[in-house]
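One structure below.
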Amino acid sequence: MSEAQRVVIVTGGGTGIGAATARLLSAAGHHVVVSGRRPEPLHRIAEETGALAHPADAANPTEIAGLVEAAVRTHGRLDGVVLNAGIGRGGAVGDMAVEDWEAVLRTNLTGPFLLLRAALPHLLATRGAVVAVASVSALRNGTGNAAYATSKAALLQLCRSLAVDYGRQGLRANTVCPSWVRTEMADRRMTRFADEAELPGGIDDAYAEATQLTPAGRPGAPHEVAEAISWLLSPAASYVNGAVLTVDGGVTALDPGVAAFDFSIAPRGPRP
């Protein structure tokens, strides 16, 4: 990819990190195609940024092929893909429904595979770039997070496979791993946390508690992750391939074994 105008597909582009990425790339003069399952937020972003909205289910091969075809038909090429669509379902291995496990893997891992397979010829033609939005859950784990963490760790390796298999043909594929970022999906989890823990300040207290061990002392904002994605797509990152960039306020740099020196930590309830 050159410094000139580029064409980028952003999945999960209607809200959160995907929407912030669409705004940033559009403001820089690039053509953006936003995709997701819900048409309404996609069309809002399209009206705001001038992006092309193309609703598609990330796990539907026919719809994903149509997404790539629409991007190339409209703009004549494809230079980048941002794999941002994702869902979460809580549960440990022993108590997770098979249907929930399969839904998470289908959206978070099979969906990116289908899009990459459809987009690959066009990305190779432009010596393009892929950025996957994984999570610090790909690197660290927490309780009741089996499916989500597994899917994000596998997504990380899927991107590394692209780098290894197609790097000599000019394709770059990298992964960003955010921690807590104030998005629609994270807000839902924090609302449940606030209710379960009876936090008087609601969602704001929930974010404050969830990030009290984070060196930055706060959750991230979607635009902060979008900046990292934009850089990895750009020629400025031309020798960055197969990399994993944590955008987490420093939380993965912290050794939990020394956290008790600075914080009083106790379980909220019984642990098995």
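Because the structure is predicted, anything quoted here is derived from the model rather than measured.
Side-chain contact between Ile229 and Val176 is present, with at least one heavy-atom pair separated by less than 4.5 Å. Side-chain contact between Val131 and Arg172: absent, with no pair of heavy atoms (C-beta onward) separated by less than 4.5 Å. Considering only heavy atoms from C-beta on, Pro219 stays 4.5 Å or farther from Val181 through its side chain.
When atom types are taken as modelled, the side chain of Asn108 and the backbone of Leu105 share no donor-acceptor pair closer than 3.5 angstrom. Looking at Glu63, its side chain does come within 3.5 Å of a backbone N or O of Asp57 through a donor-acceptor pair. A distance-only check finds no donor-acceptor pair linking the side chain of His30 to the backbone of Val7 [under 3.5 Å]. Panel note: side chain Gln169, backbone Leu124; no donor-acceptor pair is recorded below 3.5 Å. Between the side chain of Thr150 and the backbone N or O of Ala147 there is no donor-acceptor pair closer than 3.5 Å. For the pair Ser135 (side chain) and Ala138 (backbone), a donor-acceptor distance under 3.5 Å is absent. Between the Ser151 side chain and the Leu109 main chain, no donor and acceptor come within less than 3.5 Å of each other.
With rounding to the nearest 0.5 Å, the separation of NE2 in His31 from CG in Leu25 is 12.0 Å. Within the model, atoms CG of Leu116 and SG of Cys159 stand 6.5 Å from one another, a figure rounded to the nearest 0.5 Å. The CG atom of Leu158 lies 7.5 Å from the CG atom of Leu83; values are rounded to the nearest 0.5 Å. The distance from atom CG of Leu139 to atom OG of Ser179, rounded to the nearest 0.5 Å, is 10.5 Å. Rounded to the nearest 0.5 Å, atoms CD1 (Ile64) and CG (Asn60) are 7.5 Å apart. Between the CG atom in Asn84 and the CD1 atom in Ile17 there is a gap of 6.0 Å [rounded to 0.5 Å].
The stretch residues 198-220 participates, sequence neighbours left out, in these salt bridge (Lys or Arg N to Asp or Glu O under 4.0 Å) pairs: Arg182-Asp204, Glu209-Arg268, Arg218-Glu224. Legend: salt bridge (Lys or Arg N to Asp or Glu O under 4.0 Å) pairs involving residues 102-119, not counting sequence neighbours: none detected.
In this structure, the side-chain contact (heavy atoms from CB on, under 4.5 Å) partners of Val240, at least two apart in sequence or on a different chain, are Asn174, Trp231, Leu232, Ala237, Ala243. Residues passing the side-chain contact (heavy atoms from CB on, under 4.5 Å) test with His43, sequence neighbours excluded: Pro39, Ala53. Applying the salt bridge (charged side-chain N to carboxylate O under 4.0 Å, His left out) criterion to Arg37, with sequence neighbours excluded, gives no partner residue.
In this structure, Gly14 and Pro41 approach most closely via the heavy-atom pair O-CB, 3.6 Å. Contact record, Ala226 with Leu24: O-CD2, 3.5 Å, taken as the closest heavy-atom pair. Closest approach of Gly167 and Asn241 over heavy atoms only: CA-ND2, 3.8 Å. Thr11 and Ala85 make their closest contact through OG1-N, 3.0 Å (heavy atoms, listed as atom of the first residue, atom of the second, distance). Taking each heavy atom of Arg6 and Pro235 in turn, the nearest pair found is NH1-CD, 3.7 Å.
Between Asp79 and Arg77 there is a salt bridge, since a side-chain N of the basic residue sits under 4.0 Å from a carboxylate O of the acidic one. Using a 4.0 Å cut-off between a side-chain N of Lys or Arg and a carboxylate O of Asp or Glu, Arg188 and Glu184 qualify as a salt bridge.
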Carefully, step by step, assess Arg89 and Asp100 under the rule salt bridge (Lys or Arg N to Asp or Glu O under 4.0 Å).
CA-CA 6 Å; Arg89 297 283 189 276; Asp100 286 340; 3.7 Å; yes
Could you pull out every donor-acceptor pair under 3.5 Å between side chains of residues 249-262 and any protein atom, sequence neighbours left out?
{"from": "Thr252", "atom 1": "OG1", "to": "Asp248", "atom 2": "OD2", "distance (Å)": "2.5"}
{"from": "Asp255", "atom 1": "OD1", "to": "Gly257", "atom 2": "N", "distance (Å)": "2.9"}

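Under the 4.5 Å side-chain contact rule for hydrophobic residues, Tyr166 and Leu156 do not share a cluster.
No more than 12 heavy atoms of other residues, nucleotides or ligands sit less than 6.0 Å from atom OH of Tyr239.
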